[in-house]
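What follows is one structure encoded as structure tokens, with my remarks underneath.
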2 protein chains.
Amino acid sequence: MSTQVGTADAHGDVTHANSVAREVIDRIADRWVLLVISALGDGTLRYSQLRTRIDGISHKMLTRTLRNLERDGLIARHVHPTSPPQVDYTLTPPGRTLLRTVSGICHWTRDHLDHIETARRAYDAKLS
Amino acid sequence: MSTQVGTADAHGDVTHANSVAREVIDRIADRWVLLVISALGDGTLRYSQLRTRIDGISHKMLTRTLRNLERDGLIARHVHPTSPPQVDYTLTPPGRTLLRTVSGICHWTRDHLDHIETARRAYDAKLS
DNA sequence: CTGGATCCTAAACGATACTG
DNA sequence: CAGTATCGTTTAGGATCCAG
């Protein structure tokens, strides 16, 4: 597989397409993005629910991650006009397709955890 | 899907498993890791070939990424006893299974590039 | 050619305080 | 409850020099 991700059609601005592709990959290759998408795979969740579900995420990073994902059209934000306010987040259709990919990552991780731990110990031992 | 990735068997140290899982996710959720794995999907490559294929990667980050992937048993490093030295890198069997996941990310990105660009413009326009 | 070590800057992040 | 803004710290990462 090539590093080039952009659609290299005849008239397209390939350089631009690739820069955007890199940008999007950077968006996805983010621990918090992965965990948020994964959490929303269970269904709609409120801000506070995400906060407690995603272990270790800070107030600031959750907000930033949600804003970015919303901007990219991957999650939908709905504000209930109550007091105190309640805001919930849901995966959009494109967000749900991303969920499949993200699930793939999680499954791969779970399946290879032991392998990797063993490999790391073996590697570290060899440096003695 | 749950945030918990670790194998939560009866006797296992779940906390430990999850901390490792998080660690592994952090390893994969890395721009350079994704690009290196992707590049090696084409087959064995030498250090310098990776350097030129992966646009924008620095000497330091390529070396660090390769060391980490080697430690995790995802790539194999082979040194030819020549002068000057030649070193090539190949995906190991577990590395090749990761490649499928990584390819999924690349495909998803390519397929949703336009969607995301449009969504971003729409979002930004609404902030006027 | 490959790769380690060091310095240094820019960005990411957490903690905290404040608002509707 | 959800969100913004600011500050201070930590980290990632690039540039550079040296070595086998």
Side-chain angles (χ1 to χ4, degrees), chain A residues 3 19 22-36 39-40 44-72 75-90 123-124 126-128, chain B residues 3 19 22-37 39-40 44-72 74-90 123-124 126-128:
Chain A
T3 294
S19 78
R22 192 63 79 91
E23 209 179 308
V24 172
I25 285 187
D26 284 351
R27 169 67 31 90
I28 302 171
D30 180 283
R31 57 185 312 193
W32 302 128
V33 167
L34 259 47
L35 294 169
V36 166
L40 289 178
T44 299
L45 288 176
R46 289 178 46 189
Y47 181 91
S48 52
Q49 293 177 309
L50 283 165
R51 187 87 161 81
T52 53
R53 276 202 183 211
I54 303 173
D55 196 58
I57 193 168
S58 72
H59 182 39
K60 178 182 176 180
M61 291 316 292
L62 178 55
T63 301
R64 179 181 299 178
T65 303
L66 290 170
R67 277 307 88 74
N68 286 335
L69 289 174
E70 185 194 0
R71 186 169 101 101
D72 288 352
I75 63 175
R77 176 175 181 266
H78 184 240
V79 183
H80 297 276
T82 59
S83 177
Q86 301 202 356
V87 184
D88 44 41
Y89 295 91
T90 319
Y123 184 92
D124 294 346
K126 222 173 284 179
L127 296 183
S128 61
Chain B
T3 293
S19 79
R22 191 64 77 89
E23 208 179 311
V24 172
I25 284 188
D26 284 351
R27 168 70 30 90
I28 302 171
D30 180 284
R31 57 185 310 189
W32 302 128
V33 167
L34 259 48
L35 293 168
V36 166
I37 294 288
L40 289 178
T44 299
L45 288 176
R46 291 178 46 192
Y47 181 89
S48 52
Q49 293 176 308
L50 283 165
R51 186 87 161 83
T52 53
R53 276 203 183 209
I54 302 173
D55 196 59
I57 194 169
S58 72
H59 177 42
K60 180 183 177 179
M61 291 316 294
L62 178 55
T63 301
R64 179 182 299 179
T65 303
L66 291 170
R67 277 307 87 75
N68 285 336
L69 289 174
E70 185 195 0
R71 187 169 100 102
D72 288 352
L74 300 176
I75 62 176
R77 176 173 181 268
H78 184 241
V79 184
H80 297 275
T82 59
S83 178
Q86 300 202 355
V87 182
D88 44 40
Y89 295 91
T90 319
Y123 184 92
D124 294 346
K126 223 174 284 182
L127 296 183
S128 62

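Keep in mind that what you see is a predicted model, and the values were worked out from it rather than measured. Protein chains get the first letters and strands the later ones, always in sequence-line order, with residue 1 at the start of each.
- Nucleotide C/dC1 holds its P atom 19 Å from the NE2 atom of B/H78, rounded to whole Å.
- In this structure, B/D55 atom CG and D/dG14 atom C1' are separated by 15 Å, rounded to whole Å.
- How far CZ of B/R64 is from CG of B/D30: 10.0 Å, rounded to the nearest 0.5 Å.
- The nearest whole Å value for the distance from the CG atom in B/D88 to the P atom in C/dT2 is 9 Å.
- The interatomic distance linking A/W32 (CH2) with D/dT11 (P) rounds to 14 Å, in whole Å.
- The side chain of B/R67 sits closest to C/dG4 out of D/dG3, D/dC1, C/dG4.
- The distance between atom CG of B/N68 and atom P of D/dA12, rounded to the nearest whole Å, is 11 Å.
- When all heavy atoms are compared, the tightest approach of B/I75 to B/L66 is CD1-O, 3.4 Å.
- Remark: B/S58, B/K60, B/M61 in residues 56-65 of chain B come within less than 4.0 Å of DNA chain D through at least one heavy atom.
- B/S48 meets the side-chain contact (heavy atoms from CB on, under 4.5 Å) test with B/R46; sequence neighbours excluded.
- If you measure from atom CD1 of A/I54 to atom P of D/dA2, you get 13 Å, rounded to the nearest angstrom.
- Out of D/dA2, C/dC1, C/dG4, the shortest distance to the side chain of A/P85 is found at D/dA2.
- Taking atom CZ of B/R71 as the reference point, atom P of C/dG4 lies 14 Å away to the nearest angstrom.
- Protein atom CZ of A/R31 is 8 Å distant from nucleotide atom P of C/dC13, rounded to whole Å.
- Annotation: the span from A/L40 atom CG to A/I54 atom CD1 amounts to 7.0 Å, rounded to 0.5 Å.
- With rounding to the nearest 0.5 angstrom, the CG atom of B/L34 is 8.5 Å from the CD1 atom of A/I28.
- Pairing each heavy atom of A/A29 with each of B/R31, the nearest pair is CB-N, 4.0 Å.
- Shown here are the side-chain contact (heavy atoms from CB on, under 4.5 Å) partners of B/R77, two or more places apart in sequence or in another chain: B/R67, B/E70, B/V79, B/V87, B/Y89.
- Comparing the helix axis at one end of the helix from C/dC1-D/dG20 to C/dG20-D/dC1 with that at the other, each defined from 5 consecutive pairs, gives an inter-axis angle of 40° (nearest 10°).
- For B/T44, the side-chain contact (heavy atoms from CB on, under 4.5 Å) test picks out B/D88, B/T90, with sequence neighbours left out.
- A donor-acceptor contact shorter than 3.5 Å links the side chain of A/T82 to the backbone of A/P84.
- The stretch residues 44-51 of chain B does not touch DNA chain D, since none of its heavy atoms comes less than 4.0 Å from the strand.
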